[in-house]
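Report on the following structure.
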2 protein chains.
Amino acid sequence: MARQGPRRHPGASVAGADGAAGDREPGAGPSRREKEEAPGYDPRAFPPFAVTVDLAVFTVREQRLQVLLVQRGEDPHRGDWALPGGFVLPDESAGSAARRELAEETGLSARTVHHLHLEQLRTYSEPDRDPRMRVVSVAYTALLPDLPEPRGGGDAAKASWTPYVSLPSLAFDHALILGDAYDRVGAKLEYTCLATSFCPDLFTLGELQQVYETIWGVELDRPNFRRKVLATPGFVEAVEGPPRRTGGRGKPAALYRAGTAAALHPPLLRPEGRPS
Amino acid sequence: MARQGPRRHPGASVAGADGAAGDREPGAGPSRREKEEAPGYDPRAFPPFAVTVDLAVFTVREQRLQVLLVQRGEDPHRGDWALPGGFVLPDESAGSAARRELAEETGLSARTVHHLHLEQLRTYSEPDRDPRMRVVSVAYTALLPDLPEPRGGGDAAKASWTPYVSLPSLAFDHALILGDAYDRVGAKLEYTCLATSFCPDLFTLGELQQVYETIWGVELDRPNFRRKVLATPGFVEAVEGPPRRTGGRGKPAALYRAGTAAALHPPLLRPEGRPS
DNA sequence: CTCCTTAATAGTCATGTTGACTATAAATGC
DNA sequence: GCATTTATAGTCAACATGACTATTAAGGAG
């Protein structure tokens, strides 16, 4: 792992620009710091990094878990599919960049994007993950209900929902990122309430159950699922005047909306598989 | 959140250097890209970011949860306490940088550090988190057993274990990072086996229980805790010839070592509090 | 309109896990 | 020896879960 021998990195003289304690140097060794040029920081003296965000955006559509992908128009990997994302701008946080990019890619209103669940997944920083230069990418995961018009306007030339089970090969390490995101989403369904993020404002318990079944790839017992969800305070709340959903063939189902609880106690564990 | 209006960032002409699809621009707007200067990437054209790692290193010492802190020798925040950490070097990943820095700070052998549990926590990227320049920090969490000589040699001038309950004010956003790390560790005790990371090679179930009690700040029923741990395959494994621990006053306890399982099914839930 | 199918909802029962407790065993320190 | 301390064994009720069965309320076929 620590493939790095003692070596002074550029900008060591201004070490401490962040969490780094100023009196620390990468290489240790007998010769500690002798002098310090305290003032006059030169950003260029640091190893040059680009910082991007990548988004693993999931939805449940047509009974399948689907992912938002865009097609690259530039080398490298021109023409390959990739996760939506982009550069973090000089005065925004990675989270802001992720929301901004998501709005652009999906064509959702900034207000809608502002309210949806967007969670930081993990940061990918392998030195060779981009062939041209050092790029560190902060990955985010977003969960959307099935949208009327899934592929957005904005400036995303080619974007489309793709079933997770039939992914094309992806640019860079995006397959790795997407795999991590999938594992995380599956695991979070167990002990959080965020399955409701995949549902529209009003939904039936059957629809909520389908979210679990689709993502976990298992079948759940309907009465037991229902009992569990209703027994968890704040998971869902029944809608007032019993309006019932039309369209289907069987008995109409009661409608619910997402509750205020975030965690599930005790959790709703998957039948057999281990969480990631 | 998206405090950023339409604006072209430097280096837009080489957008797509990473997860970014090349045909995307930060600012949308009617005027899409007209021409592309494909080859000849200039790293300097990107917004300059420095990338660091920060480490939240926990141990259980003297019945208390303690954190490894270092004292800054440079402005800003000179003299303040901070998390150990440092810059990511040009050809190492953030994870490698974290291990390297941890070895330096604690004086542990590279081999020891290589084997311990080091987990990426989250990345902190608020634009103003460092007053001088844009610094994005990838935070890691490490869990150590009570070490013989806790404060390391290396080049960490002033490093020391500090009880989590009596933290000084910390530099930058390190109090935020540490709070997130604490929440994460507490939550992970519930559904993973990593409490054993706080224990030495051989330990008693009482010691393992103290880890939970110390971090969660609750008292657990001893027989119930024992029953749960032993019922979870792979959590701990009994040591062969029943050697028993001396020194204490009561009946000697059997010794165990960490098992191979990573997850706890079903989880060992905290008495009342919610997970983070 | 009636029967059949489909889906939602209600309820039952055995099993397994948990929390609260009691009991016994094996060491130390007067 | 005896109280104290800690480890370990075991009990029992409450609760949660998995596997079912039963009932209700719609749509569709004839």
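All of these numbers come straight from a predicted model, not from anything done at the bench. In what follows, chains carry the letters A, B, and so on, assigned in the order in which the sequence lines appear, proteins first and then strands, with residues in each chain numbered from 1.
Ring geometry for B/Trp216 against B/Tyr212 counts as perpendicular: the plane angle is over 60°, on a 0 to 90° scale with 30° as the lower cut.
Along DNA chain D, the nucleotide nearest to A/Leu268 and the one nearest to B/Arg249 differ in position, and the one closer to the 5' end is contacted by B/Arg249.
Using modelled atom types and a 3.5 Å distance limit, the side chains of B/Tyr124 and B/Asp180 yield a donor-acceptor pair. No donor-acceptor contact under 3.5 angstrom links the side chains of B/Asp146 and B/Thr59, judged on distance only. Residues A/Arg61 and A/Gln66 bring no donor and acceptor atom of their side chains to less than 3.5 Å of each other.
Regarding B/Leu269, its CG atom lies at a distance of 21 Å from the P atom of D/dA14, rounded to whole Å. Regarding B/Arg270, its CZ atom lies at a distance of 16 Å from the P atom of C/dT18, rounded to whole Å. Distance B/Lys251 NZ to C/dA26 P: 5 Å, rounded to the nearest Å. Atom CG in B/Leu208 sits about 18 Å away from atom P in D/dT6, given to the nearest Å.
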Tell me, with the steps shown, if A/Thr192 and A/Leu264 meet side chain to side chain contact (heavy atoms under 4.5 Å, CB included).
CA-CA 5 Å; A/Thr192 72; A/Leu264 229 64; 5.9 Å; no
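Less than 6.0 angstrom separates the ring centroid of B/Tyr182 from the ring centroid of B/Tyr164.
Less than 4.0 Å separates DNA chain C from at least one heavy atom of each of the following residues of residues 216-230 of chain A: A/Arg222, A/Pro223, A/Arg226, A/Arg227.
For A/Ala254, the listed nucleotide lying nearest its side chain is C/dT9; candidates were C/dA26, D/dG28, C/dT9.
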